[in-house]
Amino acid sequence: MTQHTQGTALITGASSGIGAVYADRLARRGYDLVLVARNRERLAAMADRITTQTGRSVEILDADLGDRTQLAKVEAKLRQDASITLLVNNAGMGTHTPLLDSNVDKMTQMIELNVTALTRLTYAAVPGFVSRGKGAVINIASIVSIAPEVLNGVYGGSKAFVHAFSLSLRHELADKGVRVQAVLPGATATEFWSKGGLPLEHLPKEIVMRAEDMVDAALVGFDRGELVTIPSLHAEHEWNAFETARKTLSGHLSSNVPAARYASAR
């Protein structure tokens, strides 16, 4: 049994896939858990298994984070429970359906879950982390945050928000003892694909990573203090070049005169 404690990790979307793997791995690292998802039966079974295997305390909160009333219960937990030291914003939904073939109400639901819920939970957790001088937020984004053409654009846009939000949050909290990591998985073997309308077996095997491997790699990145972790990117120099170019460009994006190429022809 694990004896040391890291505090409590609250994990959303914890009943399956990436969230379930995070629950297992974090418990083995010494975290007590608060598991959040809609399926109470699954959560209860997970809680029993994790407690038996690790000895950690596991609390479950069944909540649909797309429902503001149920979301508010989780926000309250984050504000009130000072034992929480880690928030894993994993809950999300997606689709591969092209934009113009998508139901706009479903797209709005996606924004509510992927963007609004994540934002509100972060706002609920971080002030306490700051006041206590410690804490961490892990936001599960996606490679589509930098390659939005790959899948549905609303999904890509929602993950681009998560990516940008994480970068800004880290910038603001760097000197306050609060860590932030954005994880950008590629295709991962979870229920995400079947729920989104594209069965996993239709994807090339060489691009699909096991959820266990993805989370284990992401946690290595977390231990190393990475702001952005892309487990499936082998050519690290490509990411470094991308970030260097982005940071260079950011210093040239605002000026009091238009660029010469936009000068009116006379």
Side-chain angles (χ1 to χ4, degrees), residues 8-28 31-54 56-78 80-81 84 86-97 103 105-122 124-125 137-142 155 158-159 162 183 185 187-201 208-215 218:
T8 301
L10 186 145
I11 307 166
T12 66
S15 63
S16 64
I18 291 170
V21 179
Y22 264 106
D24 175 83
R25 300 305 196 257
L26 292 174
R28 294 179 189 280
Y31 285 91
D32 292 326
L33 303 176
V34 178
L35 305 180
V36 180
R38 290 178 297 178
N39 191 317
R40 187 173 183 84
E41 271 187 26
R42 271 194 185 182
L43 289 177
M46 277 185 60
D48 288 344
R49 176 181 58 78
I50 290 172
T51 297
T52 299
Q53 293 178 352
T54 69
R56 304 315 310 179
S57 169
V58 183
E59 180 180 349
I60 63 174
L61 285 178
D62 54 314
D64 178 352
L65 299 182
D67 180 302
R68 289 292 180 89
T69 301
Q70 296 183 50
L71 174 61
K73 292 191 304 182
V74 185
E75 292 178 59
K77 178 67 176 177
L78 286 165
Q80 296 164 9
D81 189 341
I84 295 174
L86 173 62
L87 168 63
V88 182
N89 277 314
N90 166 71
M93 60 183 289
T95 180
H96 74 287
T97 306
N103 180 295
D105 291 331
K106 290 289 186 186
M107 297 300 96
T108 302
Q109 290 173 14
M110 187 188 301
I111 293 167
E112 279 289 306
L113 180 57
N114 293 6
V115 174
T116 304
L118 178 143
T119 302
R120 293 189 66 90
L121 293 178
T122 303
V137 179
I138 298 175
N139 289 328
I140 306 302
S142 167
Y155 177 63
S158 72
K159 293 302 185 177
V162 175
V183 179
T188 307
T190 69
E191 296 175 357
F192 170 91
W193 296 97
S194 57
K195 288 179 179 178
L198 180 63
L200 195 62
E201 56 268 24
V208 181
M209 187 178 291
R210 293 192 323 140
E212 292 84 355
D213 293 337
M214 199 291 294
V215 173

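Considering every non-hydrogen atom in both Thr188 and Ala211, the closest pair reads CG2-CA, 3.6 Å. Annotation for Ala125 and Leu87: closest pair CB-CD2, 4.0 Å, computed over non-hydrogen atoms. When all heavy atoms of Leu113 and Gly66 are compared, the pair lying nearest together is CD1-N, 4.4 Å. In this structure, Glu75 and Ala124 approach most closely via the heavy-atom pair O-CB, 3.6 Å. Across every non-hydrogen atom of Ala14 and Ala37, the tightest pair is N-CB, 4.0 Å. Of all heavy-atom pairs between Asn114 and Ser158, the closest is ND2-OG, 3.1 Å.
Asp64 meets the salt bridge (Lys or Arg N to Asp or Glu O under 4.0 Å) test with no other residue; sequence neighbours excluded. Listed by chain and residue number, Asn89, Ser166 satisfy the side chain to side chain donor-acceptor pair (under 3.5 Å) test with Asn139 (two or more places apart in sequence, or in another chain). For Thr12, the side chain to side chain donor-acceptor pair (under 3.5 Å) test picks out no residue, with sequence neighbours left out. For Asp24, the salt bridge (Lys or Arg N to Asp or Glu O under 4.0 Å) test picks out Arg28, Arg49, with sequence neighbours left out. In this view, Asp67 satisfies the salt bridge (Lys or Arg N to Asp or Glu O under 4.0 Å) rule with no residue, not counting sequence neighbours. Applying the salt bridge (Lys or Arg N to Asp or Glu O under 4.0 Å) rule to Arg40 yields the partners Asp62; only residues at least two apart in sequence or on another chain are considered.
Using a distance-only test at 3.5 Å, with no hydrogens or angles considered, a donor-acceptor pair links the side chain of Thr51 to the main chain of Arg56.
The shortest side-chain heavy-atom distance between Met110 and Thr95 falls under the 4.5 Å cut-off. Taking the side chain as every heavy atom from C-beta outward, Leu65 and Arg120 never approach each other to under 4.5 Å. Between Leu121 and Val74, the closest side-chain pair of non-hydrogen atoms falls below 4.5 Å. Residues Val183 and Tyr22 have side chains in contact (heavy-atom distance under 4.5 Å, counting atoms from C-beta outward).
The 12-atom threshold is not exceeded at NZ of Lys106, counting heavy atoms of other residues, nucleotides or ligands nearer than 6.0 Å.
Distance CG/Leu10 to NZ/Lys77: 8.0 Å, rounded to 0.5 Å.
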